[in-house]
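I have placed the structure first, in the form of structure tokens, so that the comments after it can refer back to it.
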Amino acid sequence: QVQLVESGGGLVQPGGSLRLSCAASGSMFSTYTMGWYRQTPGKQRELVATITSSESTNYADSVKGRFTISRDNAKNTVYLQMNSLKLEDTAVYYCWSSANRWGKGIRVTVSS
């Protein structure tokens, strides 16, 4: 089974940047669509960004122009570069794989 492990979260000031990483196990990583979702208390988990095996990307309107998703198949890793962070980006961020697997989540807090 594919296992996903997120890293790179933390506390950042508004306008700052963070890069999330998600390391995946297994040999089929390059064939999966990968994505990032986020969730805040009392709200449903929402899509942030996805990247296909051919590196086609898709973003939520709220993060377009600020976040960039990328992947390194040699490292079985997907990244989320988050720039110009806003208070409303505060959430737990989850890595997702089209193998129907989720990471445990990592917290991102944007606060002054």
Review point. Closest heavy-atom contact between Ala99 and Val2?
Key: CB-CG2, 4.0 Å
Point to revise | Carboxylate-amine/guanidinium contact Arg38 Glu46, below 4.0 Å | key: yes
**Study point:** Verdict with supporting geometry, Thr90 and Ser111, side-chain contact (heavy atoms from CB on, under 4.5 Å)
**Key:** CA-CA 8 Å; Thr90 295; Ser111 175; 6.0 Å; no
Practice item. Any chance you could lay out the side chain to side chain donor-acceptor pair (under 3.5 Å) test for Asp72 and Thr77, step after step, and finish with the verdict? Key: CA-CA 5 Å; Asp72 185 337; Thr77 300; over 6 Å; no
Exercise for review: Enumerate the residue pairs fulfilling disulfide bond (SG atoms under 2.5 Å apart) with a member in residues 7-104, sequence neighbours excluded, ordered by first and then second residue.
Suggested key: Cys22-Cys95
Revision key, fill the gap. Scanning both residues in full, the closest heavy-atom pair of Ser112 with Pro14 reads N-CD, 3.7 Å
Check your understanding: Taking all atoms of both residues into account, what is the closest heavy-atom pair of Lys104 and Glu6, and its distance?
Key -> N-OE1, 3.2 Å
Exercise for review: Answer yes or no: are there more than 12 heavy-atom neighbours, outside Glu88 itself, under 6.0 Å from its atom CD?
Suggested key: yes
Revision key, fill the gap. The reported gap from CG in Asn100 to OH in Tyr32 (rounded to nearest 0.5 angstrom) is 11.0 Å
Review point. Could you give the distance from CG (Leu87) to OG1 (Thr109), rounded to the nearest 0.5 Å?
Key: 11.0 Å
Review point. Closest heavy-atom contact between Ser84 and Ser17?
Key: N-OG, 4.4 Å
Check your understanding: Is atom CD of Gln3 surrounded by more than 12 heavy atoms (other residues, nucleotides or ligands) closer than 6.0 Å?
Key -> no
**Study point:** Lys64 with Asp61: basic N within carboxylate O range, under 4.0 Å
**Key:** yes
Practice item. Assess whether side-chain contact (heavy atoms from CB on, under 4.5 Å) is satisfied between Tyr59 and Val48, documenting all intermediate values. Key: CA-CA 6 Å; Tyr59 296 93; Val48 176; 5.9 Å; no
Check your understanding: Step by step, would you call Ser56 with Ser54 a side chain to side chain donor-acceptor pair (under 3.5 Å)?
Key -> CA-CA 6 Å; Ser56 176; Ser54 59; 5.6 Å; no
Exercise for review: Please say whether more than 12 non-hydrogen atoms of neighbouring residues, nucleotides or ligands are located less than 6.0 Å from CD in Glu55.
Suggested key: yes
Review point. What are the two closest non-hydrogen atoms of Asp89 and Arg66, and how far apart are they?
Key: OD2-NH1, 2.7 Å
Check your understanding: To the nearest 0.5 Å, what is the distance between CG (Asn58) and OG1 (Thr50)?
Key -> 4.5 Å
Check your understanding: Does Tyr79 reach the side chain of Thr68, with side-chain heavy atoms less than 4.5 Å apart?
Key -> no
Check your understanding: Looking at Phe29, is Arg71 sitting on its ring face, NZ or CZ under 6.0 Å from the six-membered ring centre and within 45 degrees of the normal?
Key -> yes
Practice item. List the steps, then state whether side-chain contact (heavy atoms from CB on, under 4.5 Å) holds for Thr52 with Met34. Key: CA-CA 6 Å; Thr52 68; Met34 300 295 297; over 6 Å; no
Point to revise | Whichever hydrophobic residues join Tyr94 through chains of side-chain contacts under 4.5 Å | key: Tyr37, Leu47, Val92, Trp96, Trp102
Check your understanding: Yes or no on side-chain contact (heavy atoms from CB on, under 4.5 Å) for Leu4 and Ser97, after CA distance, side-chain angles and deciding distance?
Key -> CA-CA 8 Å; Leu4 305 175; Ser97 163; 3.9 Å; yes
Practice item. Under the side chain to side chain contact (heavy atoms under 4.5 Å, CB included) rule, collect the residues that match up with Val108, sequence neighbours excluded. Key: Leu18, Leu20, Met82, Tyr93, Val110
Exercise for review: Check the hydrophobic clustering (I, L, V, M, F, W, Y; side-chain heavy atoms under 4.5 Å; chains of links allowed) and say if Val78 and Met28 are grouped together.
Suggested key: yes
